[in-house]
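Notes follow once the structure below has been shown.
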Amino acid sequence: MTAHDSSTSQDLELTSFDGLRVGVFDSGLGGLSMVEALRHQLPGAGMDYVADSGHAPYGERDDRYILGRCHQITQRLLDRGADLIVVACNTATAVAIRDLRQTWPGVPFIGVEPGIKPAITVSPQGRIGVLATPMTLSSQKFRDLIDAHAQGVHLVLQPCPGLAAEIEKGALDTPALRTLVDRFCAPMTVDQVDTVVLGCTHYPLVRPLFEDALPASVQILDTSGAVARHARRLAQVIHAHGVNARDTSDSLRLWTTGDPLHLQEVARRWLSQPSLTAQPL
Ligand code: DGL
């Protein structure tokens, strides 16, 4: 373990997470928006990313189906030595994280949820739009989040059916994508929101389209940075207690239930790493 010289034993800051393996999954390509932030916060850590593209989109599936997928993928990530699992999908988090924690009480899980809390702290007028999958917005977990933190806030909740599936095709800017983004952003402009939350990990991958569709004054938030910082804090604790050390390489390994060449091509482009390869899960 290496540490900054100036650290005290209490706030010991790791500079390398060597030996740690992080398992990350999403219904498909969307979690790649999280991988970048995690790699930045966890230098030296190995990572296995599973894109469940053969079963995407989750946002239009039922709970039972999503739960089953999350259990299977978690087991595969644990088999590959994961010390920590990041559920890089708002939909899967809303539906399954409680169940995953109950099933594997010894495994640390980190989930993602639409960034309502950060939006409230930065919204000048308290007028906030949330774009997410139909499943996320209709989940009990999301309702609980609103009840706990968004009293008195003007919220515009916009389900975006079809958008994650369109992003899943891998192109960043197509007429079909622009049509969908424009359609889902229109109510935000009508309702004069000042802050928009991207509540699905697929959406940051096409952030420039949201910037084009919304007035320039609207702030656009996603939670990848905050989630990665949380992962770093948790990883410090895990590292201090000892890691599985089944695989100590710091490589990023990509797995998919869809087409490996598609994931590989998109990941190389989005993560700017020309040597990445993807394998079937
Ligand atoms: N990326 C996922 C999320 O954050 C969902 C996309 C899907 O519908 O599969 O909600």
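Just so you know, ligand 1 is whichever comes first in the structure, and atom 1 is the first atom listed for that ligand. Since the structure is predicted, the reported quantities are computational estimates derived from the model, not experimental observations.
- In this structure, I167 CD1 and S33 OG are separated by 9.5 Å, a value rounded to the nearest 0.5 Å.
- Within the 4.0 Å heavy-atom cutoff, C89 counts among the residues contacting ligand 1.
- The closest side-chain heavy-atom distance from P57 to T133 is not below 4.5 Å.
- Of all atoms in ligand 1, listed by their number and element, those nearer than 4.0 Å to a heavy atom of T91 are 3 (C), 5 (C), 10 (O).
- Each of the following atoms of ligand 1 lies closer than 4.0 Å to a heavy atom of D26: 1 (N), 2 (C).
- The line from NE2 of H149 to CD of E113 is 7.0 Å long, rounded to the nearest 0.5 Å.
- Residue-ligand proximity: C200 is placed with a non-hydrogen atom under 4.0 Å from ligand 1.
- With salt bridges taken as basic N to acidic carboxylate O contacts below 4.0 Å, none links R268 and E265.
- In this structure, F109 CZ and L100 CG are separated by 4.5 Å, a value rounded to the nearest 0.5 Å.
- Between the CZ atom in F210 and the CG atom in L198 there is a gap of 5.5 Å [rounded to 0.5 Å].
- Under 4.0 angstrom from ligand 1, the non-hydrogen atoms of P57 come from both its backbone and its side chain.
- Annotation for ligand 1: atoms under 4.0 Å from non-hydrogen atoms of A164 are 6 (C), 7 (C), 8 (O).
- Each of the atoms 7 (C), 8 (O), 9 (O) of ligand 1 lies under 4.0 Å from some heavy atom of G59.
- Ion pairing of D83 with R21 is absent here, as no side-chain N (NZ or NE/NH1/NH2) approaches a carboxylate O to less than 4.0 Å.
- Distances between N or O atoms of E60 and those of ligand 1 include no value under 3.5 Å.
- Looking at heavy atoms from C-beta onward, V35 lies in side-chain contact with M47 at the 4.5 angstrom threshold.
- Counting the atoms of ligand 1 from 1 in the order shown, those under 4.0 Å from a heavy atom of Y58 are 7 (C), 8 (O), 9 (O).
- At the top of the distance list for atom 1 (N) of ligand 1, counting protein heavy atoms only, stands H202 ND1, 2.7 Å.
- Interface of S27 with ligand 1, defined as ligand atoms under 4.0 Å from a residue heavy atom, comprises 5 (C), 6 (C), 7 (C), 9 (O).
- Close approach of ligand 1 to T133 (heavy-atom distance below 4.0 Å) involves ligand atoms 5 (C), 8 (O), 10 (O).
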